[in-house]
Amino acid sequence: METKNHSFASAFAGMMLRDLRVLRREIGPFVLRIIMQPLLFLFVFTYIFPRIGQGNAVGGANFATVLLPGLMAVAIMFSGIAAVALPLSQEFGITREIDDRVMCPLPVAAVAIEKICFSSVQSILAALLVVPLAYLIPATPVHAHVASWPMLVATLILASLVSGALGLTIGSNVKPQQIGLVFSIVVVPITFLGCVYYPWAVLSHVRWLQIAVLLNPIVYMSEGLRAALTPGVPHMPSLLILVALLASLGLLGTFGIKGFLRRVIS
Amino acid sequence: MIVEISGLSKVYQDKQQRVTAVDGIDLTVEKGELFGLLGPNGAGKTTTIGICTTRVLPTSGKVTIAGIDVVAHPAAARRNIGVVPQYNTLDRSLTIFENLYFHCKYFGYSGADAQQRSKDLLAQFHLEERGTNFPNQLSGGLQQRVQIARAIAHRPAVLFLDEPSAGLDPQSRIAMWDAVRSLREEGITVVLTTHYMEEADELCERVAIIDHGKVLALDAPAHLKTTLGADTVIELTLRQNDGKQPLIDRLNALPQIRGLEMTSAGLRLFAQGVDGLLPEILQAANNYGVRDIRMNEPNLETVFIRLTGRDLRE
Ligand SMILES: Nc1ncnc2c1ncn2[C@@H]1O[C@H](COP(=O)(O)OP(=O)(O)OP(=O)(O)O)[C@@H](O)[C@H]1O
Ligand SMILES: [Mg+2]
């Protein structure tokens with residue numbers, strides 16, 4: 001058992017190292033891809049808008065402050081899609097290069113889990129990259145501080161794993177030709193309706209939507225980061241957020257791993 | 001016995017149809033052997049290899065590799081297995097060297113050992129200058145060689161090669177054969193599939209001829225050829241192809257003719273000793289208008305045709 005676990009661990013570590021090598025080679029495009037969207041968002045809504053008299057405040061806080069956790073959640077989300085769904089769909093559909101890793105001496109599910117884990121590293125990096133932008137760009141200052149380190153760490157890790165699991169679910173169930181479509185009809189809507197641009201509490205004005213979005217894991221990512229970073233903005237209770245993220249992880253992780261196994265073992 | 005396959009079958013079932021890809025295969029491969037699975041498209045070669053390499057779950061039957069059951073302990077079995085699949089699976093994001101290096105890492109090599117092993121493999125497969133290239137910068141033949149190098153990097157007991165020469169030009173094919181032969185000297189058992197009978201003949205010590213998921217014959221190529229009981233295969237092309245029965249009866253009566261079958265263009269005769277045979281055949285077939293007569297030594301292809309009545313590639 002001892003040696004078996006050891007061999008699993010070293011195969012897993014080998015795959016992480018492989019992904020790290022590939023990421024390092026593409027670090028420039030990686031960073032650009034991540035910062036483009038929050039950069040433009042902050043620029044238009046928190047730099048230009050206040051200057052042209054469109055300044056707005058939500059839930060009693062300035063927009064930049066509301067936006068910071070939301071944009072971090074979006075970065076986490078997109079990074080999971082980019083790190084897992086797109087490459088995996090390619091590898092299954094066209095290049096088949098995942099085969100060598102599937103033939104490693106460890107259970108096949110571990111290859112899928114490695115994908116989720118490495119993607120979560122990228123997601124955390126992506127979320128952290130948003131922070132300096134939120135301080136540099138907006139015309140009005142962002143009021144954020146770490147209200148609770150445990151909550152921040154737990155949310156970042158869980159949210160990143162959830163986004164990796166969603167990426168795995170999409171990547172192993174969607175053909176490469178249809179990835180663009182899924183992106184437009186699933187990923188974009190859930191980010192737009194993920195309480196990114198406003199806290200969940202203010203949705204009480206649109207009650208049906210407030211209830212419907214509870215099925216959307218991005219809501220809990222945004223709200224969790226609000227709870228940890230901008231406690232002045234209304235947010236859901238921390239415990240509820242963490243439980244919801246855990247449940248999403250369990251659900252998406254199971255779907256993703258099942259789909260992965262179906263693709264590599266016939 | 002390094003590979004043991006018993007009572008193996010695989011049925012692919014989906015809503016529309018049910019395909020029996022493997023239909024009761026029993027095989028054993030000895031340690032150090034170079035074993036071939038020869039069969040036409042769709043014979044079940046890839047499926048059989050897939051089951052042996054833990055990628056396909058059998059419907060029934062059992063496979064053990066070096067004594068380990070591949071269904072019960074797939075992760076452990078993979079330690080003893082090297083695979084070169086039918087399609088190119090090199091990691092396109094990594095260089096050739098890194099493809100080898102990370103493969104070693106997956107199998108638990110330390111950084112230094114993985115580095116050394118990768119260097120040695122590049123030398124062994126004459127790829128030293130290609131280490132820093134990416135797979136897409138290499139020709140198909142070289143990529144195939146890299147795949148073989150990578151597959152044996154963790155020193156597996158058995159190497160499975162699925163159609164290793166598909167898409168290679170004759171020169172690369174010969175280079176690949178040399179690479180495979182050199183593995184034997186390292187004591188690696190090789191199981192390969194092919195639908196090129198020359199490849200099975202040249203390379204393999206024993207060959208299983210399979211069709212429709214069944215093993216039709218299994219022996220050394222030289223022995224398989226003698227099972228025909230004939231040293232010459234004669235292809236007769238006739239202008240008039242109907243009402244051949246009198247001709248068939250007449251030819252069958254000749255002592256040298258050991259077997260005979262109809263083809264779309266005429267007849268195929270299996271003969272032992274051809275002295276004086278040709279004039280007799282020509283005379284007998286005179287009324288049917290002989291268009292062409294061709295004589296060949298039996299090869300695995302003719303063995304296959306004799307077994308199935310079909311051509312190997314069509
Ligand atoms: N995943 C699958 N689902 C359904 N049917 C399959 C699947 N894989 C293979 N088959 C069918 O099983 C049969 C055997 O296929 P297999 O790929 O094992 O043949 P093969 O001998 O490798 O042929 P080839 O020379 O074309 O590679 C074929 O009829 C094929 O269509
Ligand atoms: Mg095949």
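As the structure is a prediction and not an experimental result, all values here were calculated from the model. Convention: sequence-line order gives letters A, B, ...; per-chain numbering from 1.
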Practice prompt. Compute both the distance and the angle, then confirm whether A/R96 meets the cation-pi test with B/Y87: under 6.0 Å from the six-membered ring centre, within 45 degrees of the axis.
Written response: yes
With a 4.5 angstrom heavy-atom cut-off, which part of [X] approaches chain A: side chain, backbone, both or neither?
X: B/E98; answer: side chain
X: B/T53; answer: both
X: B/V56; answer: both
X: B/L90; answer: backbone
X: B/P85; answer: side chain
X: B/I51; answer: neither
X: B/Y109; answer: neither

Which heavy atom of [X] sits nearest to which heavy atom of [Y], and what is that distance?
X: A/P107; Y: B/A75; result: N-CB, 4.0 Å
X: A/S266; Y: B/Y12; result: OG-OH, 4.2 Å
X: B/R78; Y: A/V102; result: NE-O, 3.4 Å

In this structure, OG1 of B/T89 is separated from CZ of A/R101 (nearest 0.5 Å) by 10.0 Å
One should read off an interatomic distance between A/D99 CG and B/N88 CG, to the nearest 0.5 angstrom, of 10.5 Å
side-chain contact (heavy atoms from CB on, under 4.5 Å) evaluation trace for B/S93 with A/R18: CA-CA 9 Å; B/S93 321; A/R18 179 261 172 206; 3.7 Å; yes
Original post:
Is atom CD of B/E129 surrounded by more than 12 heavy atoms (other residues, nucleotides or ligands) closer than 6.0 Å?
Top reply: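 12 or below, so no.
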A quick test of your reading: do over 12 heavy atoms of other residues, nucleotides or ligands sit less than 6.0 Å from CZ of A/F255?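 No, the 6.0 Å shell around CZ holds no more than 12 heavy atoms from other groups.
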Greatest number of non-hydrogen atom pairs under 4.5 angstrom with chain B, of A/A11, A/A110, A/C104, A/A9, falls to A/C104
**Message:** For a side-chain contact (heavy atoms from CB on, under 4.5 Å) check, start with the C-alpha distance between A/R25 and B/T95, then their side-chain angles and the critical distance, and finish with the verdict.
**Reply:** CA-CA 11 Å; A/R25 199 165 269 148; B/T95 64; 4.1 Å; yes
### Message
For B/T54 and A/M103: C-alpha separation, side-chain torsions, deciding distance, then whether side-chain contact (heavy atoms from CB on, under 4.5 Å) applies.
### Response
CA-CA 8 Å; B/T54 75; A/M103 288 308 295; 4.3 Å; yes
When the 4.5 angstrom heavy-atom criterion is applied to A/L17 and chain B, the contacting part is both
Side chains of A/E97 and B/P135: does their closest heavy-atom pair fall under 4.5 Å? no
One option among B/K10, B/Q147, B/K105, B/R79 has the most heavy-atom pairs under 4.5 Å with chain A, and it is B/R79
Tell me whether B/R55 contacts the main-chain N or O of A/V264 through its side chain, where contact means a donor paired with an acceptor under 3.5 Å.
yes
